[in-house]
Every structure is written in C-alpha cells, then in structure tokens.
There are 4 protein chains.
Amino acid sequence: MSERMDQWLTELVRLNEDDRVTDRQLSILRAAVEVFAEKGFAAASTSEIAQRAGVAEGTIFRHYKTKKDLLLSITVPVIDEFVGPFLLRDLDTILTAQHERFEDFLRAVLFNRLQFANKYAQVLRILAQEIPFHPELKAQLKQYVTENVLKRLVGIIEHFQEKGEIARIPAPTVIRLTVSVILSHVVLRHILFHDAPWQDDEEIEMTVRFIVQGLRPDASRDQK
Amino acid sequence: MSERMDQWLTELVRLNEDDRVTDRQLSILRAAVEVFAEKGFAAASTSEIAQRAGVAEGTIFRHYKTKKDLLLSITVPVIDEFVGPFLLRDLDTILTAQHERFEDFLRAVLFNRLQFANKYAQVLRILAQEIPFHPELKAQLKQYVTENVLKRLVGIIEHFQEKGEIARIPAPTVIRLTVSVILSHVVLRHILFHDAPWQDDEEIEMTVRFIVQGLRPDASRDQK
Amino acid sequence: MSERMDQWLTELVRLNEDDRVTDRQLSILRAAVEVFAEKGFAAASTSEIAQRAGVAEGTIFRHYKTKKDLLLSITVPVIDEFVGPFLLRDLDTILTAQHERFEDFLRAVLFNRLQFANKYAQVLRILAQEIPFHPELKAQLKQYVTENVLKRLVGIIEHFQEKGEIARIPAPTVIRLTVSVILSHVVLRHILFHDAPWQDDEEIEMTVRFIVQGLRPDASRDQK
Amino acid sequence: MSERMDQWLTELVRLNEDDRVTDRQLSILRAAVEVFAEKGFAAASTSEIAQRAGVAEGTIFRHYKTKKDLLLSITVPVIDEFVGPFLLRDLDTILTAQHERFEDFLRAVLFNRLQFANKYAQVLRILAQEIPFHPELKAQLKQYVTENVLKRLVGIIEHFQEKGEIARIPAPTVIRLTVSVILSHVVLRHILFHDAPWQDDEEIEMTVRFIVQGLRPDASRDQK
DNA sequence: TATGAATGAGGATTCATTCAT
DNA sequence: AATGAATGAATCCTCATTCAT
C-alpha cells in the first residue's frame with residue numbers, strides 16, 4: 001500500500017505545488033496522512049508525524065508553515081480531484097454517447113467513484129472528519145459541487161427524463177436519491193467492508209438496478 | 001431549544017446513571033454537548049466547558065473522572081436510544097400489524113428516525129465524529145446493531161418478501177439499500193438542510209416510493 | 001534588598017490589580033523583574049522565571065496570560081508612579097509655598113527623583129530597555145508626560161521667571177536643560193555608581209547650583 | 001540614507017577587518033543594522049536579516065561565526081570611532097589653540113557629537129540597547145573612556161579652570177555635568193526630535209551658554 | 001460537595017547553526 | 001564561496017487532572 005500511496009501522493013502534491021516533491025516531503029505527507037487518519041487532526045501531534053516520517057520536527061515546518069497548512073496540502077487537492085476528473089473525463093463521454101442508457105451511466109459513475117475512493121480512501125476519511133471544523137474546506141467543496149457537479153447532473157437527469165428512463169420528479173430529488181445510494185455504496189464498501197468479503201460485481205449490479213427501478217416512471221406515478 | 005435539550009439530557013443521563021441528575025451535572029452536560037459539537041472532542045477544552053456551564057474546572061472532574069468519561073456519558077446513552085426504542089416500541093407494533101404494507105412500514109421508520117435525529121441532532125453529530133477514534137463506542141454500536149437491529153430487520157424483510165412486496169434479493173443487500181436511503185434522507189434533512197427550505201412531506205413520500213419501487217419484484221428481474 | 005523589593009512590588013501590583021497579591025504572584029513578579037533586568041525581555045525565558053520563582057511554568061500563565069502581560073504588569077504601574085505622586089504630592093506643596101526659591105524646588109525634585117529611582121531601580125532599567133519595542137508603553141509614557149508633567153512644569157518655570165530667578169528663555173528649553181541634568185544625575189547615581197563611592201549631598205548641591213546658575217538671568221543675556 | 005549608510009558601513013568594517021568588504025558583507029551588515037535597530041538583538045532573527053540582505057541564511061554564518069559576532073562587528077567599530085577620532089582629531093586642535101575660550105570648545109564638541117550621532121544614529125541605538133547585556137562591550141567602552149577620554153578631559157577642564165573660566169569644583173563633577181548636558185542634547189535631538197522641528201543653532205547656543213554659565217566661577221561660590 | 005490554584009507533560013512553532021551540494 | 005535544506009534544542013503557551021481549602 002505504501003507504494004500505491006506514494007504514487008498518488010506525488011500526483012496530488014504536484015497538482016498545486018507546481019513541480020518538485022522531494023522524498024522528504026513525500027515521507028512527511030505520508031506520515032501526516034497516516035497519523036491524521038488514525039487520530040484525527042486535532043489529536044495528531046506534529047512530533048509523531050515527524051517521528052514516523054523519520055524527519056526532525058523542524059523539517060515539517062520548513063515545508064508547511066503550520067500544522068493546518070499540512071492538512072490543507074493533503075485535503076485540498078483531493079477536493080479538486082474529487083470533482084474535476086469525474087466530470088470532465090467520464091461524464092462528458094457518457095453524455096455524448098447518446099445511445100447509452102441511464103443504467104450504463106450509473107454503472108460507470110459507481111465504478112468510477114469506487115476506484116476514486118479506493119485510491120484516496122485515507123484522505124477521504126480525513127476530509128470527512130475535518131470538513132465540519134474548517135470553513136474554508138467546507139466552502140471550497142460547496143463551491144465545487146454547486147458550480148460544477150450540480151449543473152451537469154441536472155442536465156443529465158433531464159436528458160434521461162426526456163428519454164423516458166427517469167420519472168418526472170424534481171431533479172434535485174433525483175440527485176439526492178441517486179447520490180445517496182451511490183455514496184452509501186462507496187462508503188460501505190471502503191469503510192465498513194474494506195477488508196471484509198463483499199461481492200463487488202453483484203452488489204454493484206444490485207445497486208444500479210435499485211436506482212434504475214426506483215426512479216423508473218411507472219403507471220401509478222405518471223397518472224398523478 | 002435549550003429547554004428541549006434539557007429534557008432529553010435528563011432522560012439520557014437517567015438511563016445509565018441510575019437516578020439523580022443534579023442541575024450542575026445537567027449544565028455541565030449541556031455545555032459539553034455544545035463545545036464538543038462546535039470544536040470536536042479533541043479540540044474542546046474542559047476549561048471552556050466549565051466556563052460555559054458556569055462551574056469550576058474541578059467540578060467537572062468530580063462528576064466525570066476524565067474528559068473521555070464526559071464524552072461517553074453523552075454518547076453511550078444515545079447509542080442505546082438509537083437502537084432500543086426504535087425496535088421495541090415502533091417496529092414490533094408494525095410487525096404485529098400484519099396487514100400493513102412495506103410502504104407503511106418505511107414511512108413509519110423514516111418518520112421515527114427523522115424525529116430521533118431532530119431530538120438528538122447535536123449528540124449524533126458528536127457520535128459520528130468520534131466513533132472512528134473510540135473503539136469502545138464503535139464496538140458498542142456494532143454489537144447493538146448486529147444483535148438487535150439486523151436480526152429483526154432480516155425478519156421484517158423476509159416477511160415482506162413472502163408477501164411479494166420485496167424482490168428476492170439477499171436480505172443484507174435489501175437492508176443496505178434501504179438503510180442507505182433512509183439514513184441519507186435523515187442526514188441531509190438535519191445536517192445540510194437544517195435551516196433551509198425542504199418540503200418534508202413530499203420528500204418523505206418520494207423517498208418511500210423510491211425504495212418501494214426500487215425493491216419491488218419486477219418481471220425482468222424475476223425471470224433471471 | 002529582597003524585602004524592600006517585596007514591599008514595593010506589593011504596592012505596585014495592588015495599584016492596578018485591585019486587591020490581593022498572593023505570595024506566589026509576588027515570587028513570580030520578583031523573579032520576572034530579576035530575569036528581565038538581567039537578560040532583557042526578549043532573551044528572558046518564562047521557564048527560567050518559573051524556576052527562580054520556585055513555581056511551575058504553567059503557574060505563570062495562570063496569573064499572566066502572556067509573557068508580555070507579565071512585563072506590562074511590572075512596568076505599567078511604574079509609569080503611573082513615575083508621574084503621579086511626583087506631581088500631586090510634592091510639586092503642589094512647592095508651588096503653593098510661594099516664598100521658596102527655585103533652588104529649593106530643584107533640591108526637592110532631585111531628592112524625590114533619587115529616592116524614586118532608588119526604590120524602582122530594576123524596573124526602571126527594564127522600562128528603559130523595553131520602551132523602544134513596545135508602542136503601548138511608549139504611548140502611555142508620552143501621554144502622561146505631555147498631559148501632566150509638561151503643563152505643570154511650564155507653570156513652575158514661568159513662576160520663577162516672573163520672580164526673576166530664571167532667565168527669559170523659552171520654557172521648553174529650560175525644561176530640557178533642567179530635566180537633562182536631573183535625569184543624568186539620577187541615572188549616573190543609580191546605574192553607573194550604584195555600588196561605587198559617591199558623595200551624595202555634595203553632588204546634589206553641585207548639581208543644583210549648576211542648574212540655578214546656568215539658568216540665572218545675567219547682564220549680558222538680558223541686554224540682548 | 002541608504003547610500004550614506006553604505007559609506008560609513010564600509011568605513012566601519014574596514015577598520016577592524018583589515019581590508020576587503022564585499023558587497024555581500026555590506027548588504028548583510030546593512031540588513032543587520034536595520035533589524036537589530038527595529039527589534040533588538042535578541043528578538044532579531046538571522047533569517048530575517050538574510051532575507052533583507054537578499055542572501056541565503058548560511059551565507060551570514062560564513063562571514064560571521066555567530067549571530068553575536070555579527071552584532072560585535074557592527075558595534076565594536078563604533079565604540080572605537082566614538083572615542084578615537086573625537087579626541088585625536090578635534091580635541092587636540094582645540095587644546096593647542098590656547099587662545100580659545102571654554103565656550104568655543106563646548107560649541108565645537110557639541111557640534112562634533114551631533115554630527116557623529118547623525119551619522120551613526122542607528123548603530124548607537126543598538127549599542128545603547130545591547131551594552132547592558134554584553135560585558136565585553138561594556139568593558140571595551142569603559143576602557144576606552146577611562147583610558148582616553150577622561151584623562152584628556154581632566155586636562156582640558158584644568159586648563160580652563162586655570163584660565164578662570166570654570167569654577168574650582170572637582171573635575172569629575174565638571175565632566176559629569178557637562179557631558180550630561182551635551183549627551184542629553186544629542187540624544188534628544190536625534191532620538192526624540194529626529195523628525196520634529198528643532199531650531200538647531202538656537203538650541204546649541206542655549207545649551208552652550210547654560211553650561212558655561214553654570215560652571216562659571218561666581219562671587220558667592222568662590223568665597224566659600 | 002465545590003472550588004480554583006497549581007501542576008507539568010506535551011503542544012506547535014521558531015531559530016541559530018551545520019553541512020552536503 | 002554560496003546555498004538552503006535539515007536539525008533539534010528551546011520557546012511560549014495550553015490543558016487535563018489533582019488537591020488543599
């Protein structure tokens with residue numbers, strides 16, 4: 001796991017610190033992620049981070065002015081990543097592929113989110129923990145979601161409503177229900193069952209069907 | 001809200017501290033809930049709690065041996081409450097009322113959980129925050145859930161499967177999907193929209209229909 | 001010296017902290033004065049102060065929120081004392097005793113200031129050291145001096161000019177010269193010669209005569 | 001001022017570092033003087049000095065083994081300059097010009113000191129701040145003063161006492177009074193009024209007359 | 001029982017200095 | 001010669017907990 005982590009850490013940090021990430025920085029970040037995830041930000045001590053990183057405590061502060069800066073340098077890029085690629089890469093292709101069914105769209109999204117969570121599991125946990133206490137983080141996430149995600153999702157929903165695959169209930173509610181199920185699926189898979197048995201393919205299939213069927217227009221509803 | 005809070009705090013503490021809850025204890029608990037919710041357990045200081053409670057620092061430690069004890073005296077009873085009444089009071093009546101449909105059952109549960117969350121919003125937030133860092137809490141919740149909730153839920157699910165209202169997919173999956181949607185509904189309602197406009201009745205209806213329809217046996221699925 | 005110090009420290013702190021000064025506070029203040037005087041504020045460490053005071057480091061911060069607060073609690077009362085009694089008690093009596101000569105006035109002031117400096121030598125040293133780096137201190141001293149001291153001094157000077165004992169040169173210049181000599185006398189006596197031989201009475205006499213004669217109207221000057 | 005400063009800094013450093021002063025050294029010294037003057041030696045950080053000098057932190061320590069060395073390389077030459085040229089250049093000429101009056105001597109000295117203070121204002125401030133905490137500095141200044149200044153001044157005083165321009169009071173006292181007034185004049189001029197209105201010529205004249213008259217033999221004193 | 005002063009370990013952060021490049 | 005990353009001791013300060021009153 002250490003190797004896989006280094007990989008995405010490197011990616012992550014390169015994103016906003018334009019350029020070089022030294023080995024030392026990487027080991028600091030790795031240790032920070034570990035300790036933050038284990039104890040929570042407030043209960044994590046810079047001295048423990050330094051120790052685990054095999055680095056003097058002062059070294060941390062040469063690279064990150066404060067403990068909070070260290071937190072942000074880990075979490076902020078994940079917020080970007082959370083939204084960015086999701087929409088740009090995957091969804092656009094889905095949208096342009098007009099022939100696809102809602103079902104295929106859902107499968108793609110769920111698969112994509114599961115991979116994302118798998119990659120960033122630890123940082124996502126930290127992010128979820130800390131967001132309530134750091135207004136900047138909250139604000140940034142909110143902005144991303146409202147500016148990028150929501151608008152596009154509404155478009156997609158309406159697209160499938162016109163195709164008759166989704167009932168004509170308000171888009172926000174459709175989003176709420178769909179996201180709830182997908183998010184819960186991902187959280188359960190990676191947080192509760194991250195080392196337990198879990199039939200991925202089957203569960204994915206059932207989740208997708210549940211949503212599709214739950215949102216399908218039906219006689220009784222449409223007549224209303 | 002302060003009054004309502006005092007009420008449930010009194011209830012809560014009585015549950016496991018057999019009997020007397022002095023005014024002082026109550027104000028300490030109230031202050032603790034406030035501060036823990038605002039800053040998180042680790043970042044909350046006992047001195048601030050004492051100050052808000054209008055009590056000397058030492059007084060807290062006369063009633064609660066450690067800061068963690070204070071946390072547990074707030075969260076543990078909520079875990080009990082979370083599970084206990086839910087099952088004993090409401091569900092049994094539902095189960096015995098054999099004529100009820102799955103839909104009615106869901107509506108009842110969702111309504112019940114919304115009220116529960118409304119009552120204990122702050123403590124639930126604390127609980128959600130702290131559970132990852134306190135194995136005892138996690139263990140206790142897990143025990144309760146597996147021992148009481150799951151078994152009963154399986155029974156209920158099978159009951160409705162026999163009645164043909166739920167498709168014949170594995171009970172755990174049914175539970176996962178149902179709970180996901182209900183929990184998400186509750187969380188959204190009380191955390192994200194706790195002071196925003198939200199059409200309670202309509203959203204409840206749509207959530208219920210979504211689940212019912214999502215789980216309904218249908219031709220295509222059954223043929224497989 | 002320790003006893004004498006305790007005495008004035010007690011006085012000093014009572015002045016602005018209305019009421020009780022515990023033994024512990026006193027030993028903290030005594031240690032702080034010592035260490036600040038020896039090493040300067042910036043180079044003094046709270047841990048050394050605590051050690052010398054025979055007190056845990058945390059105890060200091062129970063009584064004084066910050067290291068700077070500790071400094072201010074020592075220096076601010078001295079600024080008040082520096083000006084207050086000087087004017088109210090002594091000078092008024094001098095002014096009302098219309099028959100006194102400028103010479104007697106000077107002798108009284110010089111004597112008074114020497115005693116003041118003797119009492120507060122260490123704190124005055126700290127004050128002199130730190131004033132350039134703490135704008136609040138500078139501002140407070142300036143305000144006191146301009147509001148209280150200068151106005152009164154101008155009155156006194158003019159009084160003696162009318163009596164013909166001081167030449168008709170601008171009052172500010174008279175003040176500058178007089179204060180220079182008195183202050184220098186005091187500083188030399190208590191800073192450079194604080195443990196060296198120094199004939200107090202004779203030097204006082206010579207300082208007084210020097211000023212009196214230096215400011216006396218003389219034929220050549222008046223004709224101009 | 002930057003240019004003027006460079007000039008004297010160059011002079012200053014050449015004096016004791018026999019020869020080469022690179023541009024880098026100069027900018028380090030300039031930055032050091034600035035920061036020491038602003039914050040005091042103890043509160044000044046080498047990193048800020050390096051930053052202001054546009055130089056890497058390590059570079060400072062290549063030229064000056066420790067932070068204190070940097071301080072000494074700034075202050076020590078000023079002590080030399082303070083005493084040395086003052087006596088050698090100016091006073092000797094005054095002494096040999098036997099016809100001059102005490103008044104002219106004072107005027108020359110005061111003028112010279114004002115210029116000196118103007119040139120070295122910042123470093124003198126640093127010196128005054130730091131002398132109490134650095135015994136070597138104190139010792140060096142004391143040695144210079146007693147060895148060079150005092151002896152010569154006594155000679156000069158006696159010279160004017162023989163000419164009947166100064167009363168027959170002990171030379172140390174004459175020096176004390178004279179130096180007090182001159183030093184105070186200089187300090188006031190350059191520290192308190194360094195950017196305020198101040199009639200230089202007139203104030204100089206009044207200071208000189210004050211001293212001359214204050215020390216003049218008079219009937220009453222001589223009869224004693 | 002309640003207080004709040006006292007504790008001292010531990011917190012984040014700064015800083016003069018070193019040293020490999 | 002110059003750099004600047006790395007160090008780790010030392011800094012001010014906070015905090016949960018204790019205990020005499």
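Predicted, not measured: the structure shown is a model, and the values here were computed from it. Convention: sequence-line order gives letters A, B, ...; per-chain numbering from 1.
- One can place NZ of C:K39 at 16 Å from C1' of F:dC12, the figure rounded to the nearest angstrom.
- Taking only side-chain nitrogens and oxygens, B:S47 never comes nearer than 4.0 Å to OP1 or OP2 of F:dC15.
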Scan the side chains in residues 125-132 of chain B for donor-acceptor partners under 3.5 Å anywhere in the protein, sequence neighbours excluded, and list what turns up.
| unit_1 | atom_1 | unit_2 | atom_2 | d |
| --- | --- | --- | --- | --- |
| B:E130 | OE1 | B:H134 | NE2 | 3.2 |
| B:E130 | OE2 | B:F41 | N | 3.2 |

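- Nucleotide F:dG4 holds its P atom 13 Å from the CZ atom of D:R62, rounded to whole Å.
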Task: Structure string for DNA chain F in dot-bracket form, Watson-Crick and G-U at under 3.5 Å, | interchain - done: .||||||||||||||||||||
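- Between B:L70 atom CG and F:dA16 atom C1' there is a gap of 12 Å when expressed in whole angstrom units.
- Sorted by first and then second residue, the pairs that involve residues 54-69 of chain D and meet salt bridge (Lys or Arg N to Asp or Glu O under 4.0 Å), not counting sequence neighbours, are D:K68-D:E136.
- With respect to D:I28, the side-chain contact (heavy atoms from CB on, under 4.5 Å) criterion is satisfied by exactly one of D:T22, D:L70, D:T46: D:L70.
- Inter-residue side-chain proximity for D:T75 and D:L71 is flagged as met; some heavy-atom pair is nearer than 4.5 Å.
- Remark: P of F:dC12 and CZ of A:F61 are 17 Å apart, rounded to the nearest angstrom.
- The outermost nucleotides of DNA chain E lying under 4.0 Å from heavy atoms of chain C, listed 5' to 3', are E:dA5 to E:dG8.
- Residue B:L71 contributes atom CG, which lies 14 Å from atom C1' of F:dA16 at whole-angstrom precision.
- Shown here are the side-chain hydrogen bond (donor to acceptor under 3.5 Å, both in side chains) partners of B:T66, two or more places apart in sequence or in another chain: there are none.
- Mapping B:V55 and A:S45 onto DNA chain E via the closest heavy atom, the residue that lands nearer the 5' end is B:V55.
- Taking CZ of D:R30 as the start and CG of D:D23 as the end, the distance is 8.5 Å to the nearest 0.5 Å.
- Residue C:A31 comes nearest to C:I49 through the heavy atom pair CB-O, 3.5 Å, listed as atom of the first residue, atom of the second, then distance.
- A:Y64 places a side-chain heavy atom less than 4.5 Å from the side chain of A:L29.
- Regarding A:Q25, its CD atom lies at a distance of 15 Å from the P atom of F:dG4, rounded to whole Å.
- In this structure, B:A42 reaches neither bases nor backbone, as no heavy-atom distance under 4.0 Å exists between it and the strands shown.
- Residue C:K68 contributes atom NZ, which lies 17 Å from atom C1' of F:dT11 at whole-angstrom precision.
- Using a 4.0 Å heavy-atom distance criterion, C:A44 is classed as a sugar-phosphate-only contact.
- C:R52 is linked by a side-chain hydrogen bond (donor to acceptor under 3.5 Å, both in side chains) to C:E34, C:E38, C:E48, counting only residues two or more places apart in sequence or in another chain.
- The CD1-P distance, from A:I60 to F:dG8, rounds to 13 Å in whole Å.
- The residue among B:A43 and A:E57 whose nearest nucleotide of DNA chain F is located toward the 5' end is A:E57.
- Nucleotides of DNA chain F nearest to A:G58 and B:G58 differ in position, and the one nearer the 5' end is that of A:G58.
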